[in-house]
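See structure below.
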Amino acid sequence: MPVRVLHIVANMNRGGLENFLMNVYRTLDREQIQFDFLVTREVVGAFDEEIRLLGGKVYNIPAMTQVGYWKYKKSVYQFFKEHPEYQIVHCHRDALGGIYLKQAYKAQIPTRVAHSHTSKIGEPKSIKGILRSVIKAGLKPLLNKYSTHHFACGTNAGEWLFGKSIPVQVINNGIELNKYRYTIQTKRQVREELGVDEKTLLIGHVGRFCYPKNHTFLIDIVSQLEQVIPNCKLCLVGEGELEVSIRSKVQTLGLENKVLFLGVREDVPRILNAFDLFVFPSLLEGIPVTLIEAQASGLQCLVSNQITSEADLGIHLTQYLPIDTVVPWIETIKGLTQKMDNMRATRYTNDLQIRLRGYDILQTTKYLENFYIEQYKQNRGDANESNTHCVYANIQ
């Protein structure tokens, strides 16, 4: 029987965290390890069916906003008591994980992993957003107290959630490199599908329509850019709660023929081939998977200076810019377009360099496989000294 690991997430819709988990899940040896998921969204997640086909389970409990703190906490504890098969829980809920891991501790689950995927709390500046931030800040001490292991996508993400004094294991957001190889044939094919000719400057973004992704700034860029580079378009991949307001802004500014809304796509690697530039003005991030994917596809990336420098893979594709004004973004794009023909001709995927930096999903998966198996052995009391840190040290 495989070791069953319970991952705790908000939902399993398409997003950076969810894509990362599915990349690992598809790659790991499922005869040894199986993933199950505990979510708090009643809607069916985009990955739910695939999870079940791979042998996993998806459980749902009501969100705290639906039932209140006390019932929420009680339902988490009851779930753990009703499922003693889980000896390893891996929580991806940032500070809210303090609730889960305390209840896991009370239910005598021996391995309780807290995993940080961001470097700040992504709440809008509103009374509701401020209240959420205060609640999450108050839960952080519980997270440190009741977690047995601390993972993070990068150093900054680890320090934000756990503090500088807590040892943190960095888990790189690995991707399937073979999927992101750039070809001119794919570029032309996708552009034809999108109705974008070869001379058009196509700027791309992949991300959920939510506050941290800063879509409104993207629209401001296009609004000014099209005045100096008329033959430009912005392609937005994703969906989310702010999509309606972004569409409204596009319409108000008369940019309907400049912005393409593609929705959620299962062929993001193909879509990346079509872009000339990847623009990512997020207000906050950990190390975004989509930015790793864009670099793997050989794309020039213009990135908010609010994103950690760890997201730059060091292959000369990433520039950091401030988000207090669109002016430097416009000027940088103008500069890049002057050498666009050369950029397009020399674009390629550098698998070796990305692998050397530890972002091949095979490397990430191997570490997690070793970690889960060693924890399972230790929980049974028959493990030798764990060697998982040695395994991962070789790929950073």
Backbone N/O of Arg355 and side chain of Gln363: donor-acceptor pair under 3.5 Å: yes
Nearest heavy-atom neighbours spanning Asn19 and Phe47: OD1-CZ, 3.2 Å
Aromatic plane relationship, Phe209 with His215 - under 30° parallel, 30 to 60° tilted, over 60° perpendicular: parallel
Cationic tip of Lys140 above Trp160 ring, under 6.0 Å, 45° of axis: yes
Distance-only donor-acceptor check, side chains Arg347 and Ser297, under 3.5 Å: yes
NZ/NE/NH1/NH2 to OD/OE distance under 4.0 Å, Arg265 and Glu239: no
Under the side-chain hydrogen bond (donor to acceptor under 3.5 Å, both in side chains) test, residues paired with Glu192 that sit two or more places apart: none
Salt-bridge present (Arg14, Glu266; N to O < 4.0 Å): yes
Cys153 versus Ile287, closest heavy-atom pair with distance: O-CD1, 3.1 Å
Donor-acceptor contact below 3.5 Å, side chain Asn156 vs main chain Gly286: no
Whether Phe278 and His205 hold their rings parallel, tilted or perpendicular, with breakpoints at 30° and 60°: parallel
Mutual orientation of the aromatic rings belonging to His7 and His92 [parallel < 30°, tilted 30-60°, perpendicular > 60°]: parallel
Summary of salt bridge (Lys or Arg N to Asp or Glu O under 4.0 Å) pairs that have at least one residue in residues 201-228, sequence neighbours excluded: Arg208-Glu241, Lys213-Glu285, Asp220-Lys249
Under 3.5 Å side-chain donor-acceptor pair for Ser245 and Ser248: no
Heavy atoms of other groups near Tyr59 OH, more than 12 under 6.0 Å: yes
Minimum-distance pair of heavy atoms, taken over all atoms of Gln306 and Ser282: CB-O, 3.7 Å
Side-chain heavy-atom pair Leu54, Phe35 within 4.5 angstrom cut-off: no
Over-ring placement of Lys106 relative to Phe80, 6.0 Å and 45° cut-offs: no
Residue of the set Lys339, Arg191, Lys199, Lys233 for which salt bridge (Lys or Arg N to Asp or Glu O under 4.0 Å) holds with Asp276: Arg191
Side chain to side chain, Val5 and Tyr376, heavy atoms closer than 4.5 Å: no
Parallel, tilted or perpendicular, as decided by the 30° and 60° cut-offs, for the rings of Phe79 and Tyr86: parallel
Salt-bridge criterion met for Glu49 and Arg52 (N-O under 4.0 Å): no
Trp329 to Val303 - nearest heavy-atom pair and separation: CH2-C, 3.6 Å
Sub-6.0 Å ring centroid separation between Phe151 and Phe162: no
